[in-house]
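A quick write-up on the structure given underneath.
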Amino acid sequence: LPQEVVSSLMNGEMALPHTDKFLLPSPLSCPGGCQEALYCSESCAEADWESSHSLLCTGEKSESVSRDALGEFIKHANETNEIFLLAAKVIAFTILRYRKLKAEHVNKQAKQSVSKQSLLLAAWKPVSIGYKRRWWDCIALPENVDPSDEEAFRMQLKNLACTSLELLKTAIFDKECEALFSLDIYGNIIGMFELNNLDLVVASPVEDYFLYIDDLPDAEKEAAEEITRPFLDALGDEYSDCCQGTAFFPLQSCINHSCCPNAKAFKREEDRDGQTVIIASRRISKNEEVTISYIDEELPYKERQALLADYGFICKCPKCLQDF
Ligand SMILES: [Zn+2]
Ligand SMILES: [Zn+2]
Ligand SMILES: [Zn+2]
C-alpha cells in the first residue's frame with residue numbers, strides 16, 4: 001500500500017466502507033500529562049490514576065518524588081525486563097491504598113489506634129494472594145546458560161532487580177511504606193508475575209471487519225471489496241492476528257496446572273472488557289480440583305516438563321505419571 005494511503009487512513013481523512021459499524025473508542029491520553037499511558041475512557045483513566053498511575057506518571061501532574069528518576073526507572077525496565085514496570089505498579093498501588101486506608105482511619109477517629117504496620121498489611125492484601133518466590137531463584141535456567149554458570153546467572157538477575165529497585169526508590173519512595181522497598185519483596189513481586197501470568201488473547205476488530213464485508217449481500221460486497229481488497233491483500237494472513245496481552249488475575253492465575261486439565265482460561269469473542277473466564281472442558285465432579293494447562297498439553301512428556309520447569313515444579317498429573 002502506498003504510504004499516503006496508510007497515513008490518510010490513520011488520520012481519518014479516508015474511511016473504508018462500513019467501518020461506521022466498527023466504532024472504536026478514541027484513545028484518551030493520560031490526564032497527568034505523560035505521553036505514555038492511553039485510555040479508552042475518562043473513567044478508565046481516572047481509575048488508573050487513583051490506583052497507581054498518579055505515582056508512576058512522568059507528566060507534570062505526577063505525584064512521584066522525582067519525575068526524572070521515574071523516567072530512568074522506566075527506561076531501565078524497557079531495556080531489561082518489562083515485568084519491573086508491573087512490580088512498580090504493585091508497589092504504587094499498595095502505597096496509595098495504604099494512604100487511603102490511613103486517611104479513612106483518621107476520619108473515623110477510631111478509638112483503637114491501628115498500627116501503621118497493620119494498615120500496610122491490609123493495603124497489601126490483594127497482592128498477598130498470588131503465589132510468590134524470588135524471581136532470581138524461581139526462573140528456570142535458560143538453555144544457553146551452562147549449568148556451571150548457574151550461580152553467576154542468578155546473581156546477575158538479582159543485581160538487575162537491585163538496580164531497578166534503587167531507581168524506583170529514588171522515584172517514589174515513601175518512608176511509611178519502607179517495607180515495600182526491600183529487595184526481598186521486590187524479588188517476590190517479580191517472581192509472582194513470572195509464575196502466575198496468564199497469556200490472554202483478545203479478538204481483533206480488524207478480523208471482524210473483514211468477516212463482516214465477506215458476509216455482505218453480493219452487490220454490496222462487490223462494491224465494498226473493490227475498495228477493501230488491496231488492504232486485505234496487504235495484510236495477508238495478519239488480517240486475523242488477534243491482540244495479545246498478558247494479565248494477572250488473583251483467582252484465575254492461581255489455578256493449578258494439569259496436562260489433562262478440566263478447564264481452560266478464555267477471552268471469548270463476547271468478553272470485550274478486561275475480564276477472563278474459566279470454562280469447564282469436561283464434567284468436573286464434586287471435590288475435584290479445577291485445573292488449567294499452562295503449556296501446550298499435547299507436547300511430548302519431556303518438552304512439557306521442560307516448559308513447566310519455568311513455573312518451578314515437576315508435573316505429576318495422571319497424564320505425566322502415565323507417560324513417565
Ligand atoms: Zn479502559
Ligand atoms: Zn501519565
Ligand atoms: Zn502433567
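Whatever order the structure lists them in is the order used to number ligands and atoms, beginning at 1.
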For this session: Mark yes or no for whether K264, through its side chain, and V277, through its backbone, hold a donor-acceptor pair below 3.5 Å.
Result: no
Seminar exercise, completed: For SG in C317 and SG in C320, the angle at the Zn ion (ligand 3) (nearest 10°) is 110°
Problem set entry | Near-ring test F84/W135, centroid separation under 6.0 angstrom | yes
Exercise. Any N/O/S of H257 under 2.8 Å from the Zn ion (ligand 3)?
Worked result: no
Problem set entry | Whether C315 has an N, O or S atom under 2.8 Å from the Zn ion (ligand 3) | yes
Exercise. Between Y212 and D208, does a side-chain contact (heavy atoms from CB on, under 4.5 Å) hold up when you go through it step by step?
Worked result: CA-CA 6 Å; Y212 175 87; D208 291 347; over 6 Å; no
Exercise. Hey, is NZ on K221 packed in by over 12 heavy atoms from elsewhere, all under 6.0 Å?
Worked result: yes
